[in-house]
Structure formats: C-alpha cells, structure tokens
Amino acid sequence: MNNRMKLEFLSKSSNESFARATVAAFVSQLDPTLSDLSDIRTAVSEAVTNAIIHGYGDETGTVVITCEMDAQNQVTIVVEDHGAGIADLALARTPLYTSRPEMERSGMGFTVMETFMDSVDVWSEEGQGTRVTMTKTIAPPEEASISTPDQAAQ
Amino acid sequence: MQIGFEMQGRTLVARLKGELDHHSAATVREQLEDIIKRQNVKNLIFDFTELGFMDSSGIGVIIGRYKLIHGMGGEVAVSGANAHIDRILALSGIKKLMNVYKNTNLALKAI
Ligand SMILES: Nc1ncnc2c1ncn2[C@@H]1O[C@H](COP(=O)(O)OP(=O)(O)O)[C@@H](O)[C@H]1O
Ligand SMILES: [Mg+2]
C-alpha cells in the first residue's frame, strides 16, 4: 500500500508519546502484528527522544517525522531535527555510549533502534542537525487457518 | 504515568502503570528518590505488570536506582514485564545485573 504522512511538532518531552502513538496509528493500516507495532513505537520513541534531548537540549526546535509505506509493505520512517548534530557517529552508535550520563541516559537508544528495525541509517552534521532513517517490512497478515472436517476429527 | 507504592517489610514494591519514556522518567525518578529517602527501604521491586510501554529511558531509571540500592547493600528486581519490555531488559544487560521475575509474589519470596 503506497501512502505517506508528515508530522511536525515542538521538541517538548510531552510530545514523545504523541509522536510514537501517531506513527503507530498510521502504520496500523498495514495490519501489523502487535510485536511489529511495539518495535516501531519503541524505535520512534528513541529517535524522537534523541532529537529532543541531544539535538535541541535546552532550546526548543522543531522535530519532523515522515512515514512512508510502499507496495511491498516496507515502512520508512525519517526523524529529523535541526539541532546540535553528532560529531562522531561511530562513537554515538556504540552500545552504552552516552554523552549525557548525568541525565541517566543508558546509551542504548541506537542499539534499540537497530535491534527493532530492519535498517537504521543516520545522517548528521555538527551545527546542522540529525536525520535518522529507519525501515521495517511488515509481513502481510497470515490467512486464518481453516481446519478441514478431516483434521477436526483427528 | 501512575505509581503505586507498597512496603513489604523493608522491600519497596513500585507498581508502574502507563508508559515509561524520557518524559515520564522524571516523575518516576523523583517519586522513587523521595520515598527511598523517607522510608527505611532496603530492597526495591519494579512491578511492570501494568506498564504498557518502555524505551531505553526506562533502563536509565532502573540502573540509577540499582546503583543507589545496591550501594546500600540491598537488592533490586523487576517483575511482570511483558515480552516487549523483557527484550529491552535483555538487550541492555539488566538481566545480568538483577533478577527478573514473572510476578511480584515470586520476587518477594526470592528477596
Ligand atoms: N538527534 C541527535 N542530536 C545530537 N546528538 C545525538 C542525537 N541522537 C543521538 N545523539 C548522540 O548519540 C548518543 C547516543 O544516543 P543513544 O544511543 O540514543 O543513547 P542516549 O540517548 O541514552 O545517550 C547520545 O548520547 C548523543 O550524544
Ligand atoms: Mg537515546
């Protein structure tokens, strides 16, 4: 199913749940499993939280999410900020690395995104911002198995 | 986010209801710090039976409290996590740090 949406909101932490719920509601058109939907909700939450706390920090900026689905049921989600950017991407993506340990960050955000999505691509430039592109293919819903009278009798 | 607290001896059971993300983590942290300071808490059980969502911000909250409680010689455990939250606990190494139980009754028996 070809479809596309765009969501724009201020970098306030109260928008984290709004953002992941909205993307999940949009993706629901593909009839994903609850597990796929949880994966997407979590990955979006990670990317949006990063944009808010690491991208913008104490400033308020705009976070933009676009979500697209194609005929093969591949969902592409882009989360973008125009905040601080990331100087060392390899370091940032290292499991357990966080630049804000004093905020009790776990450094597991990118690892969660990578685990729960099929692919995670990051573009970033210091002073320009960060764009995280994630994809996941949603398997078409399984056809309900109908047991034949033969099988039912066994 | 709603949190229910209950003392069982010197074990504090914190029942989290709702969604644990960066936004709600601040409230959870504040309320936990407050009750740990006021009560004679030795051990802590995070009861996630009614927690519908958690991202990596939850890991920070759990590990932060673990450092405090463990530093005072107590134990921290997690109970009732759904399959999705359980995956995040495994991924982050929480399960190597503390015990994870099916429900709070089992956790209370073990602590
Ligand atoms: N949108 C962003 N803008 C600036 N820096 C970022 C962004 N996203 C991630 N980072 C950097 O990458 C690090 C790792 O991110 P992550 O794995 O989510 O861990 P955490 O959020 O717990 O620090 C962050 O600590 C931060 O330094
Ligand atoms: Mg993060």
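Order of the sequence lines fixes the chain letters, A, B, ..., with proteins taken first and strands second; residue numbering starts at 1 for each chain. Source: prediction; values computed, not measured.
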Does CG belonging to A:Leu34 count more than 12 external heavy atoms closer than 6.0 Å?
no
Report, in residue-number order, which members of residues 95-111 of chain B are under 4.5 Å from chain A by heavy-atom distance.
none
Do you reckon A:Val64 sits in the same ILVMFWY cluster as A:Val27, going by side-chain contacts under 4.5 Å, direct or chained?
no
Is it true that the side chains of B:Ser57 and A:Arg105 contain a donor and an acceptor less than 3.5 Å apart?
yes
Interatomic distance, B:Arg29 atom CZ to A:Met103 atom CE [nearest 0.5 angstrom]
7.5 Å
To check you understand the geometry: which heavy-atom pair defines the closest contact between B:His84 and A:Thr42, and what is its length?
CE1-OG1, 2.7 Å
A:Ile53, part contacting chain B, at a heavy-atom distance under 4.5 Å:
side chain
Could you state the interatomic distance from CE (B:Met54) to OG (A:Ser38), rounded to the nearest 0.5 Å?
12.5 Å
What part of A:Thr49 gets closer than 4.5 Å to chain B, counting heavy atoms only: side chain, backbone, both or neither?
side chain
Following the transitive rule for hydrophobic clusters with a side-chain heavy-atom cut-off under 4.5 Å over Ile, Leu, Val, Met, Phe, Trp and Tyr, establish whether A:Val112 and A:Val120 coincide in one cluster.
no
Considering residues, nucleotides and ligands other than A:Glu59, do more than 12 of their heavy atoms fall under 6.0 Å from its CD?
no
B:Glu19 with A:Arg41: basic N within carboxylate O range, under 4.0 Å:
no
Within the 3.5 Å criterion, strictly below it, is a donor on B:His23 or A:Asn15 matched to an acceptor on the partner's side chain?
no
Inter-residue atom distance B:Ile88.CD1 - A:Phe116.CZ, 0.5 Å rounding:
4.5 Å
Can you see which heavy atom on B:Asp21 is nearest to which on A:Ser17, and at what distance?
OD2-N, 4.0 Å
Under 4.5 Å heavy-atom distance to chain A, tell me which part of B:Leu91 shows up: side chain, backbone, both or neither.
both
Yes or no on salt bridge (charged side-chain N to carboxylate O under 4.0 Å, His left out) for A:Glu104 and B:Lys67, after CA distance, side-chain angles and deciding distance?
CA-CA 11 Å; A:Glu104 284 194 349; B:Lys67 283 181 181 160; over 6 Å; no
Give, for atom CD1 of B:Ile59 and atom OG of A:Ser106, the distance between the pair rounded to the nearest 0.5 Å.
6.0 Å
